[in-house]
Chemist: 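This is the structure I have questions about; it appears just below.
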Amino acid sequence: MLNFNDIMETITMIQEENLDIRTITMGISLLDCADSDIDRSCEKVYKKIYEKAKDLVKTGEIIEKKYKIPIVNKRISVTPISMLVAVSGGDPVKYALTLDRVAKDVGVNFIGGFSALVQKGFSAGDRELIEAIPRALATTDFVCSSVNIGSTKAGINMDAVKLMGGVVREAAELTKDRQCVGAAKLVVFCNAPEDNPFMAGAFHGVGEPDVVLNVGVSGPGVVRAALAKLPDDAPLNEVAELIKKTAFKITRMGQLVGSEASRMLGVPFGIIDLSLAPTPAVGDSVAHILEEIGLEQCGTHGTTAALAMLNDAVKKGGVMASSSVGGLSGAFIPVTEDAGMIAAARSGVLGIEKLEAMTAVCSVGLDMIVIPGDTPAETISAIIADEAAIGMVNSKTTAVRVIPAIGLKEGEELDFGGLLGSGPIMNLHSQSSAKMINRGGRIPAPMQSLKN
């Protein structure tokens, strides 16, 4: 029996507190699309994706109407395209154009998987794909790209780190007439998960089923509204308990949607990613949750501790609500996509050093951070290396998505509009890291990797 109060509470969460299913993402393996002829391979890629995903958007819309639950995005992730390039050779941008065409034809918001996994070195197809990323992102609308350059088991591939600094910069330069959006569709990972439904970092791992459906839920506004009802002197263990209970309710809704979509599409249900993913909308901010906990503004002293508690409580609540929690699962801190983060960055309270500290305890990493347009590629590489080191040593996923604002400098703003939001250009150190980055090689795996 459904409790009337629970029903009304869920309706309030959806109508007033920005609760939504952030994405249903269909993962599709393209391993059987490999061909020594790149044009034939592209034909196979288009045919398989279209066949498997043609009803994805329609299914999402039916579930939205049936349960009155917003499903904001419908997306696709595919096998890292570098693996197909290894077989076919040729210009990897052909694959990107094929992915973009099929994404438009099936009606999804994004398609991820123009990716390479190079944490321990480059194999056939990897370098070719990475060097093609800027052109691929500049000539497509819906394609997203990611590269995994490190892991706890493998260490950090510093040759790849060096390469990615230039790739991020070039991706921004080639799209400078579109707010440098190319760099906003590119993520550099350490310990990338194979079942992540969120863009821009989603790809379909080689250990995944042929086709699978993953769900990403989100509800920062719901958590904040719940905390607002607590007295100001409630101890932090009570705060954590309330967050846990709220995350449980959010995840149960995701479980319902994922199970229903899986049944209707006839594909296995994979995981629920219960990340708190903010938007620029008022009331949909992770930073505002931290401020509700008791910080005057996100970024001040105590922010890392509050975020650690939030992240842990969200995971504990989600795990109790579903046996299939995966992906990233935690609290996202994308600066331009979070109204509270934007305000904190504008005021100078939140800087890149504090953000880096926060990434040691949150779900992902340095996300959607706008940096000066004249930032050297070596500095971008050094930022990637720092973030990868945090992930490697702590056995967690970390990532970097920075946007060099070509032609703009610190203090100015870059406005993407929509979900990607806007944000101030953040200050970086001017001292060079070039000598370290140009050494290349590998940073060896830490002692934590020796667990067998």
Chemist: Please check: side-chain N/O of Thr175 versus main-chain N/O of Gly182, any donor-acceptor pairing under 3.5 Å?
Modeler: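 Here the side-chain-to-backbone pair exists.
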Chemist: Report all side-chain donor-acceptor pairs from residues 73-80 shorter than 3.5 Å, counting only partners two or more places apart or in another chain.
Modeler:
unit_1: Asn73; atom_1: ND2; unit_2: Arg22; atom_2: O; d: 3.0
unit_1: Lys74; atom_1: NZ; unit_2: Glu64; atom_2: OE1; d: 3.1
unit_1: Lys74; atom_1: NZ; unit_2: Ile71; atom_2: O; d: 2.9
unit_1: Thr79; atom_1: OG1; unit_2: Leu30; atom_2: N; d: 2.7

Chemist: Using only heavy-atom distances, determine whether the side chains of Ser395 and Asn191 contain a donor-acceptor pair under 3.5 Å.
Modeler: no
Chemist: Give a yes or no answer on whether the side chain of Asn394 reaches the backbone of Ile390 with a donor-acceptor pair at less than 3.5 Å.
Modeler: yes
Chemist: For Asp338 and Gly340, work out which heavy atoms get closest and say how close.
Modeler: OD1-N, 2.9 Å
Chemist: Take Val187 and Val364 through the side-chain contact (heavy atoms from CB on, under 4.5 Å) test and state the conclusion after the steps.
Modeler: CA-CA 11 Å; Val187 181; Val364 193; 5.8 Å; no
Chemist: List the atom of Thr152, the atom of Pro446, and the distance in Å for their closest heavy-atom pair.
Modeler: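 The answer is O-CD, 3.4 Å.
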Chemist: Side chains of residues 367-376: which donor-acceptor pairs under 3.5 Å do they make with residues two or more places apart or in other chains?
Modeler:
unit_1: Asp367; atom_1: OD1; unit_2: Arg401; atom_2: NE; d: 2.8
unit_1: Asp367; atom_1: OD1; unit_2: Arg401; atom_2: NH2; d: 3.0
unit_1: Thr375; atom_1: OG1; unit_2: Pro372; atom_2: O; d: 2.7

Chemist: Of all residues at least two apart in sequence or in a different chain, which pass the salt bridge (charged side-chain N to carboxylate O under 4.0 Å, His left out) check with Glu291?
Modeler: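 For Glu291, no residue satisfies salt bridge (charged side-chain N to carboxylate O under 4.0 Å, His left out) once neighbours in sequence are set aside.
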Chemist: If the condition is side-chain contact (heavy atoms from CB on, under 4.5 Å), which residues does Ala154 pass it with, not counting sequence neighbours?
Modeler: Gln119, Lys120, Ser151
Chemist: List for me each residue that meets salt bridge (charged side-chain N to carboxylate O under 4.0 Å, His left out) alongside Asp415, sequence neighbours excluded, and say none if there are none.
Modeler: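 Not a single residue meets the salt bridge (charged side-chain N to carboxylate O under 4.0 Å, His left out) criterion with Asp415.
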Chemist: For Lys185, check salt bridge (charged side-chain N to carboxylate O under 4.0 Å, His left out) against everything at least two apart and list the hits.
Modeler: none
Chemist: Do Thr359 and Glu387 have a side chain donor and acceptor closer than 3.5 Å?
Modeler: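 Result is yes, a qualifying pair exists.
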Chemist: Hey, is the main chain of Ser422 close enough, under 3.5 Å, to the side chain of Thr336 for a donor-acceptor pair?
Modeler: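 Such a contact is absent between Thr336 side chain and Ser422 backbone.
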Chemist: Is it true that a side-chain atom of Asn148 and a backbone atom of Gly150 form a donor plus acceptor pair closer than 3.5 Å?
Modeler: yes
Chemist: Quick one: closest heavy-atom pair of Asp159 and Gly440, and the distance?
Modeler: OD1-CA, 3.3 Å
Chemist: Using distance only, find each side-chain donor-acceptor pair of residues 308-319 under 3.5 Å and give its atom names and separation, not counting sequence neighbours.
Modeler:
unit_1: Asn311; atom_1: OD1; unit_2: Ala331; atom_2: N; d: 2.6
unit_1: Asn311; atom_1: ND2; unit_2: Val361; atom_2: O; d: 3.1
unit_1: Asp312; atom_1: OD2; unit_2: Lys316; atom_2: NZ; d: 2.7

Chemist: At what distance, to the nearest 0.5 angstrom, does NZ of Lys409 lie from CG of Asn427?
Modeler: 13.5 Å
Chemist: Measure from the side-chain N and O atoms of Glu378 to the backbone N and O of Ile437, and report whether any donor-acceptor pair falls under 3.5 Å.
Modeler: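 No; zero donor-acceptor contacts below 3.5 Å.
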Chemist: Determine whether a donor-acceptor pair (N or O, by modelled atom type, separation under 3.5 Å) exists between the side chain of Thr251 and the backbone of Ala247.
Modeler: yes
Chemist: Enumerate donor-acceptor pairs with a distance under 3.5 Å from any side-chain N or O in residues 136-145 to protein atoms, sequence neighbours excluded.
Modeler:
unit_1: Thr139; atom_1: OG1; unit_2: Arg135; atom_2: O; d: 2.7
unit_1: Thr139; atom_1: OG1; unit_2: Ala136; atom_2: O; d: 3.4
unit_1: Thr140; atom_1: OG1; unit_2: Ala136; atom_2: O; d: 2.7
unit_1: Asp141; atom_1: OD2; unit_2: Lys104; atom_2: NZ; d: 3.0
unit_1: Ser145; atom_1: OG; unit_2: Phe114; atom_2: O; d: 2.6

Chemist: Going by the ring pair (Phe, Tyr, Trp, His ring centres under 6.0 Å) test, which pairs reach into residues 306-338, not counting sequence neighbours?
Modeler: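 Listed by first then second residue: Phe198-Phe332.
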Chemist: Can any side-chain N or O of Ser115 pair as donor or acceptor with the backbone N or O of Val147 at less than 3.5 Å?
Modeler: no
Chemist: Please round to the nearest 0.5 Å and tell me the distance separating atom CD of Glu170 and atom CG of Leu186.
Modeler: 11.0 Å
Chemist: Using the test side chain to side chain donor-acceptor pair (under 3.5 Å), find all partners of Glu238 that sit at least two apart in sequence or belong to another chain.
Modeler: none
Chemist: Asp55 side chain to Lys58 main-chain N or O, any donor-acceptor pair under 3.5 Å?
Modeler: no
Chemist: Distance only, no hydrogens: is a donor on one side chain within 3.5 Å (strictly under) of an acceptor on the other, for Thr25 and Asn214?
Modeler: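 Their side chains do not contain a donor-acceptor pair, so the 3.5 Å distance test is not met.
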Chemist: Pairs in or reaching into residues 352-399: which pass ring pair (Phe, Tyr, Trp, His ring centres under 6.0 Å), with residues at least two apart or in two chains?
Modeler: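 As it turns out, there is no ring pair (Phe, Tyr, Trp, His ring centres under 6.0 Å) pair with a partner in residues 352-399 once direct neighbours are skipped.
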Chemist: So, using salt bridge (charged side-chain N to carboxylate O under 4.0 Å, His left out) as the criterion, who are the partners of Arg178 when residues are at least two apart?
Modeler: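 Testing Arg178 for salt bridge (charged side-chain N to carboxylate O under 4.0 Å, His left out), a comparison that skips the adjacent residues, returns none.
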Chemist: Work out which heavy atom in Ala116 is nearest to a heavy atom in Ser82; give both atom names and the distance.
Modeler: CA-OG, 3.6 Å
Chemist: For the side chain of Asp100 and the backbone of Ala96, is there at least one donor-acceptor N/O pair under 3.5 Å apart?
Modeler: no
Chemist: Any side-chain heavy-atom pair from Pro134 and Val167 closer than 4.5 angstrom?
Modeler: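 With C-beta onward as the side chain, the pair touches.
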Chemist: Please lay out, stage by stage, how Asp273 and Val215 fare under the test side-chain contact (heavy atoms from CB on, under 4.5 Å).
Modeler: CA-CA 6 Å; Asp273 186 316; Val215 175; over 6 Å; no
Chemist: Could you check whether any side-chain N or O of Thr300 sits under 3.5 Å from a backbone N or O of Gln297, counting only pairs where one atom can act as donor and the other as acceptor?
Modeler: no
Chemist: Can you check side-chain contact (heavy atoms from CB on, under 4.5 Å) on Ile149 and Val118, steps first, answer last?
Modeler: CA-CA 5 Å; Ile149 51 81; Val118 294; 4.1 Å; yes
Chemist: Please test Ile293 against Val239 for side-chain contact (heavy atoms from CB on, under 4.5 Å), starting from the C-alpha separation and ending with a verdict.
Modeler: CA-CA 8 Å; Ile293 290 171; Val239 173; 4.1 Å; yes
